[in-house]
Amino acid sequence: MDVVTFLIALGLTAAMAIMLARLFAGPTLYDRVLAANSFGTKTVLFLLVFAAIVDRQDAIDIALLYALINFVATIAILKFFRYRSLEIALAQMSLRKALDGEYDE
Amino acid sequence: MSFGEILQHALFAGSVAAMTAGLVFVLAGAIGVNRLPDFYTRMHAAGVTDTLGAELIVLGLLLQASDWQTFAKLALVGLLLFLTSPTATHAIANAAHRAGHKPALSRFKPPHPKDAGSTSGEG
């Protein structure tokens with residue numbers, strides 16, 4: 001489109017590369033999840049800018065889908081590494097614990 | 001120069017300003033995530049800048065939108081990011097806190113009050 005949009009896309013790519021360094025180097029699981037989530041947000045932004053550069057609005061739909069999947073994936077990873085299972089219903093679990101008076105693990 | 005042209009130029013200038021500011025925030029967040037010493041400080045860098053930088057870049061693209069479908073879809077992405085990004089950050093912080101992660105305070109801990117009293121020369 002114009003040179004400014006292209007430079008924005010270039011800067012977003014640089015930010016994604018820096019975030020990848022933390023993703024691979026992160027000492028704990030939560031650093032990695034945080035970096036992956038942030039990388040996903042930057043991917044959404046890059047897709048939006050890319051849609052403006054090539055002037056095709058289909059990429060915005062992909063960005064919307066990617067934002068949804070990114071959020072769900074983050075929550076799923078956190079849930080799996082806390083309960084070691086994806087079968088537990090989160091709402092029922094915390095409700096049961098609150099009723100038993102032992103909400104704090 | 002007609003009023004329409006002036007409006008168009010103003011919209012483009014606002015769009016460039018918003019997108020540049022958003023890129024500055026996003027780059028600052030990425031550098032902060034790499035440079036800060038502790039998980040919680042890194043989370044602060046990523047969580048705060050991601051929301052604001054993303055919203056600013058989406059706002060800049062909204063000002064450039066050519067038709068109303070593009071405008072609506074961009075607004076939808078912006079609303080979604082505005083809702084999910086802080087929620088995900090909060091979930092990560094909650095999970096780390098529940099897993100027993102402590103903030104790394106050793107480098108920044110103030111001296112004990114007794115030691116501070118004895119060294120600051122009370123007598």
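Being a predicted model, the structure only gives us computed values, none of them experimental. Residue numbers begin at 1 in each chain, while the letters A, B, ... track the order of the sequences.
Heavy atoms of Val4(A) lying under 4.5 Å from chain B belong exclusively to its side chain. For Leu23(B), the part lying under 4.5 angstrom from a heavy atom of chain A is the side chain only. Proximity to chain B is limited to the side chain of Thr74(A), based on heavy atoms less than 4.5 angstrom apart.
Both Ile57(B) and Ile53(A) belong to a single network of hydrophobic side chains, linked directly or stepwise wherever heavy atoms of I, L, V, M, F, W or Y lie under 4.5 Å apart. One hydrophobic cluster holds both Tyr66(A) and Leu64(A) under the rule that ILVMFWY side chains link at heavy-atom gaps under 4.5 Å. Taking hydrophobic clusters as Ile, Leu, Val, Met, Phe, Trp and Tyr residues chained together by side-chain heavy-atom distances below 4.5 Å, Phe25(B) does not share a cluster with Leu63(B). Leu11(B) and Phe3(B) fall into different hydrophobic clusters, where Ile, Leu, Val, Met, Phe, Trp and Tyr residues are linked whenever their side-chain heavy atoms come under 4.5 Å apart, directly or through other members. Residue Leu76(B) is not grouped with residue Leu59(B) when hydrophobic side chains (ILVMFWY) are merged at heavy-atom distances under 4.5 angstrom, including chains of intermediate members.
With a 4.5 Å cut-off on side-chain heavy atoms, Leu83(B) and Phe71(A) do not count as touching.
Sorted by first and then second residue, the pairs that involve residues 68-79 of chain B and meet salt bridge (charged side-chain N to carboxylate O under 4.0 Å, His left out), not counting sequence neighbours, are Asp61(A)-Lys73(B).
Put simply, of Val26(B), Val24(B), Leu81(B), the one with the most heavy-atom pairs under 4.5 Å next to chain A is Val26(B). Between chain A and the options Asp67(B), Ile92(B), Thr20(B), Thr87(B), the largest number of non-hydrogen pairs under 4.5 Å is found for Ile92(B). Comparing Val58(B), Thr89(B), Leu27(B) by how many heavy-atom pairs each has under 4.5 Å with chain A, the most go to Leu27(B). In terms of heavy-atom pairs under 4.5 Å with chain B, the best-connected choice from Leu7(A), Thr41(A), Asn70(A), Val44(A) is Thr41(A). Put simply, of Asp55(A), Thr28(A), Leu29(A), the one with the most heavy-atom pairs under 4.5 Å next to chain B is Thr28(A).
We find the CZ-CG distance between Arg22(A) and Asn34(B) to be 5.5 Å, quoted to the nearest 0.5 Å. How far CG of Asn94(B) is from OH of Tyr30(A): 10.0 Å, rounded to the nearest 0.5 Å. One distance of note links OG of Ser15(B) with CG of Asp2(A); it measures 8.0 Å at 0.5 Å rounding. Asn37(A) CG to Thr84(B) OG1: the interatomic distance, rounded to the nearest 0.5 Å, is 8.0 Å.
Other residues sharing the hydrophobic cluster of Ile69(A), ordered by chain and number and joined by side-chain separations under 4.5 Å: Leu65(A). Using a 4.5 Å cut-off between side-chain heavy atoms of Ile, Leu, Val, Met, Phe, Trp and Tyr, Ile18(A) falls into a hydrophobic cluster with Ile31(B).
Other residues, nucleotides and ligands place more than 12 heavy atoms under 6.0 Å from the CD atom of Gln69(B). By the neighbour-count criterion of 12 heavy atoms within 6.0 Å, atom OH of Tyr40(B) is densely surrounded, having more than that number from other residues, nucleotides or ligands.
Near-neighbour residues of residues 42-52 of chain B relative to chain A, defined by a heavy atom under 4.5 Å from a heavy atom of that chain, comprise Arg42(B), Met43(B), Ala46(B), Asp50(B).
Tested against Leu61(B), the residues Ile60(A), Leu48(A), Leu45(A) include a single side chain to side chain contact (heavy atoms under 4.5 Å, CB included) partner, Leu48(A).
Contact record, Leu78(A) with Ala95(B): CD2-CB, 3.8 Å, taken as the closest heavy-atom pair.
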